[in-house]
Student: 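Once you've had a glance at the structure underneath, I'll fire off some questions.
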Amino acid sequence: MEDAILLSRDEQQIVTLTLNNPLKMNAMNLEMWQGLGDLMQELDADDAVRCIVVRGAGERAFSAGADIEEFPRTRLNKAQAMAYGKVTHRAMQAVSASRHPTLAVIQGACVGGGLELASVCDMRVCGESSRFGAPINRLGLVMSYGELGGLVTLAGPAVALEIVLEGRVFDAAEALQKGLVNRVVPDGSVLEEGYAAARRIAAGAPLVARWHKDFVRRLAQPHPLTDSEQQVAYDCFETEDFQIGYRAFLAKQRPAFVGR
């Protein structure tokens, strides 16, 4: 049996996690959520990683949401759903809290659980024919707090409510307008443009990327910054990568950061 989540890594330390259920448009089942959580946890401890790309197998879908066919076995009552929810929430929290930059490269459908997963990545690039939405109300189900949180954080309460109340599937242009994606590109260029973005991320100083992620998360919190928190923004001047970066700039050379 093929792996539920495929992992590959290139020479620039860009790691790709591929949702591997193409016959069902990469609908997410329990094995996939478990595998995603496990791999993200492993990658979080790997200092060599520069960027994590999440994509779906094939070109038809990033993910069409939940694998409804497994509901009779895994989510037929509250107790089963709560156990299942621990697995999905762990996976999405692992993506959301990752130290490394994460990028969803979206081809085709990105709905339901697929949209929830994409919303907790740091960036999203999609094709012009991509479709988005969460028609979960047609199943008589809600998005739990853990599933809805990323969407609210990304697009705001009003847009999140519109998506779940109407259950409408909409196009990439509207997704861009709603702030659900960063960039819409021609369908034939999704992988090219997505990995170009990943390479730009990977070419930067990795410690700087992690600090910026921490700073953005902290600025989203309502309480004022402490003096010690303010001082962290200057820790970069004590790194080897700062020495590499400014010297390369003055020498008109490409910096080769080492993550120290």
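When reading the values below, keep in mind they use all heavy atoms of this one structure, side chains included, and skip hydrogens, waters and symmetry mates. All values reported here derive from a predicted model rather than from experimental measurement.
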Student: Can Lys178 be said to sit on top of Phe132's aromatic six-ring, NZ or CZ under 6.0 Å from centre and within 45° of the ring axis?
Tutor: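 Verdict for Phe132: no cation-pi partner in Lys178.
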Student: Give me the atom names and distance for the closest heavy-atom approach of Thr18 to Ala57.
Tutor: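 Scanning both residues, the minimum pair turns out to be CG2-N, 3.5 Å.
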Student: Using a distance-only test with no angle check, is there a side-chain donor-acceptor pair under 3.5 angstrom linking Gln41 and Arg90?
Tutor: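 The criterion, which ignores hydrogens and geometry beyond distance, is satisfied for Arg90 and Gln41.
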Student: Taking atom CZ of Arg254 as the centre, report whether more than 12 heavy atoms of other residues, nucleotides or ligands fall under 6.0 Å from it.
Tutor: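 No, because the 6.0 Å sphere around CZ of Arg254 holds 12 heavy atoms or fewer from other groups.
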Student: Within a reach of under 6.0 Å around CZ of Arg183, are more than 12 heavy atoms found that belong to other residues, nucleotides or ligands?
Tutor: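 Counting neighbours around CZ of Arg183, 12 or fewer heavy atoms of other residues, nucleotides or ligands fall under 6.0 Å, so no.
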Student: So, Gln13 side chain and Ala202 main chain: donor-acceptor pair closer than 3.5 Å or not?
Tutor: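 No; judged by distance alone, with no hydrogens or angles, the pair does not exist.
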Student: Could you measure the distance from the CD atom of Glu229 to the CG atom of Asp214? Nearest 0.5 Å is fine.
Tutor: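 These two atoms lie 10.5 Å from each other.
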Student: Would you give the length of the straight line joining atom CG of Asp10 to atom SG of Cys51, rounded to the nearest 0.5 angstrom?
Tutor: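 Separation between the atoms: 9.5 Å.
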Student: Would you check if Ile5 and Asn20 make a side-chain contact, meaning some heavy-atom pair closer than 4.5 Å?
Tutor: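 No. Closest side-chain heavy atoms not under 4.5 Å.
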Student: Can you tell if the side chain of Leu19 reaches within under 4.5 Å of the side chain of Met32, non-hydrogen atoms only?
Tutor: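 Answer yes - side chains close enough.
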Student: Using a 4.5 Å cut-off on heavy atoms from C-beta on, say whether the side chain of Arg99 contacts that of Leu43.
Tutor: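 They are not in side-chain contact.
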Student: Return yes if some donor-acceptor pair links the side-chain N/O of Asp44 with the main-chain N/O of Ser98 below 3.5 Å, else return no.
Tutor: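 Here the side-chain-to-backbone pair does not exist.
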Student: Compare all side-chain heavy atoms of Val105 with those of Val190 and state whether any distance is below 4.5 angstrom.
Tutor: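 They are in contact (side-chain heavy atoms under 4.5 Å apart), so the answer is yes.
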Student: Measuring only between side-chain heavy atoms, which start at C-beta, is Ile163 closer than 4.5 Å to Leu180?
Tutor: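 In short, these two side chains touch, coming nearer than 4.5 Å.
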Student: When you measure from the side chain of Ser130 to the backbone N and O of Cys126, does any donor-acceptor pair fall under 3.5 Å?
Tutor: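 It does not hold such a pair.
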Student: Is the side chain of Tyr84 donor-acceptor paired with the backbone N or O of Thr74 at a distance under 3.5 Å, no angle test?
Tutor: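 The answer is no, because no donor-acceptor pair under 3.5 Å joins these two groups.
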Student: Please confirm whether the backbone N or O of Ser129 pairs with a side-chain atom of Arg131, one donor and one acceptor, at under 3.5 Å?
Tutor: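 Present.
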Student: Ignoring hydrogens and geometry, is there a side-chain-to-backbone donor-acceptor pair from Arg50 to Ile201 under 3.5 Å?
Tutor: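 Checked: no pair found.
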Student: Under a 3.5 Å distance rule, please check whether Asp241 uses its side chain to pair with a backbone N or O of Val258 as donor and acceptor.
Tutor: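 Side chain of Asp241 to backbone of Val258, a donor-acceptor pair under 3.5 Å: yes, one is there.
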Student: With a 6.0 Å cut-off (strictly less than), is the heavy-atom count around CD of Glu69, excluding the residue itself, greater than 12?
Tutor: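 Open: at most 12 neighbouring heavy atoms sit under 6.0 Å from CD of Glu69.
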Student: Any heavy-atom pair between the side chains of Leu207 and Phe257 that's under 4.5 Å?
Tutor: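 Counting from C-beta outward, Phe257 and Leu207 never come under 4.5 Å.
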Student: Main chain of Val125, side chain of Asn182: is a donor-acceptor contact present, judged purely on distance under 3.5 Å?
Tutor: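 Side chain of Asn182 to backbone of Val125: no pair is present.
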Student: Evaluate the criterion side chain to side chain donor-acceptor pair (under 3.5 Å) for residue pair Ser96 and Gln93; output intermediate values, then yes/no.
Tutor: CA-CA 5 Å; Ser96 176; Gln93 179 63 25; 4.8 Å; no
Student: Any salt bridge between Glu238 and Arg260, counting N to O under 4.0 Å?
Tutor: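 Salt bridge: no.
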Student: Hey, are Glu116 and Ser119 close enough side-chain-wise for a donor-acceptor pair under 3.5 Å?
Tutor: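 No, no side-chain donor-acceptor pair sits under 3.5 Å.
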Student: Tell me whether the count of non-hydrogen atoms from other residues, nucleotides or ligands lying under 6.0 Å of OH in Tyr246 goes above 12.
Tutor: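 More than 12 heavy atoms, drawn from other residues, nucleotides or ligands, come within 6.0 Å of this atom.
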Student: Do Asp227 and Gln231 get their side chains close enough for a donor-acceptor pair, meaning under 3.5 Å?
Tutor: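 Judged by distance alone, the side chains do not pair up.
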Student: Please check: side-chain N/O of Ser189 versus main-chain N/O of Glu192, any donor-acceptor pairing under 3.5 Å?
Tutor: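 Such a contact is absent between Ser189 side chain and Glu192 backbone.
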Student: Looking at SG of Cys110 and CG of Leu115, how far apart are the two atoms once the value is rounded to the nearest 0.5 Å?
Tutor: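 Interatomic distance, Cys110 SG to Leu115 CG, rounded to 0.5 Å: 5.0 Å.
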Student: Please check if the side chain of Gln80 supplies one atom and the backbone of Leu76 the other of a donor-acceptor pair under 3.5 Å.
Tutor: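 Checking the backbone N and O of Leu76 against the side chain of Gln80, a donor-acceptor pair under 3.5 Å is found.
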Student: Which value, rounded to the nearest 0.5 Å, describes the distance between Arg217 atom CZ and His212 atom NE2?
Tutor: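 Separation between the atoms: 13.5 Å.
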Student: Do other residues, nucleotides or ligands put more than 12 heavy atoms under 6.0 Å from the CD atom of Glu59?
Tutor: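 Count not over threshold, so no.
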Student: A side-chain contact here means heavy atoms from C-beta on lying under 4.5 Å apart; do Met40 and Ile52 qualify?
Tutor: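 Of all side-chain heavy-atom pairs linking Ile52 with Met40, at least one is under 4.5 Å.
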Student: To the nearest 0.5 Å, what is the distance between CZ (Arg124) and CG (Asp122)?
Tutor: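 So the gap between those two atoms works out to 8.0 Å.
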Student: Do Leu139 and Ile68 have side chains that get closer than 4.5 Å, going by heavy atoms?
Tutor: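 The answer is yes, as the side chains (C-beta and beyond) meet within the 4.5 Å cut-off.
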Student: Where does the angle between the aromatic ring planes of Phe237 and Tyr234 fall among parallel (under 30°), tilted (30 to 60°) and perpendicular (over 60°)?
Tutor: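 Aromatic pair Phe237/Tyr234 classed parallel.
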Student: Applying the 4.5 Å side-chain criterion to the ILVMFWY set and letting contacts propagate, would Phe170 and Leu176 be lumped into a single cluster?
Tutor: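 Yes, Phe170 connects to Leu176 through the hydrophobic network.
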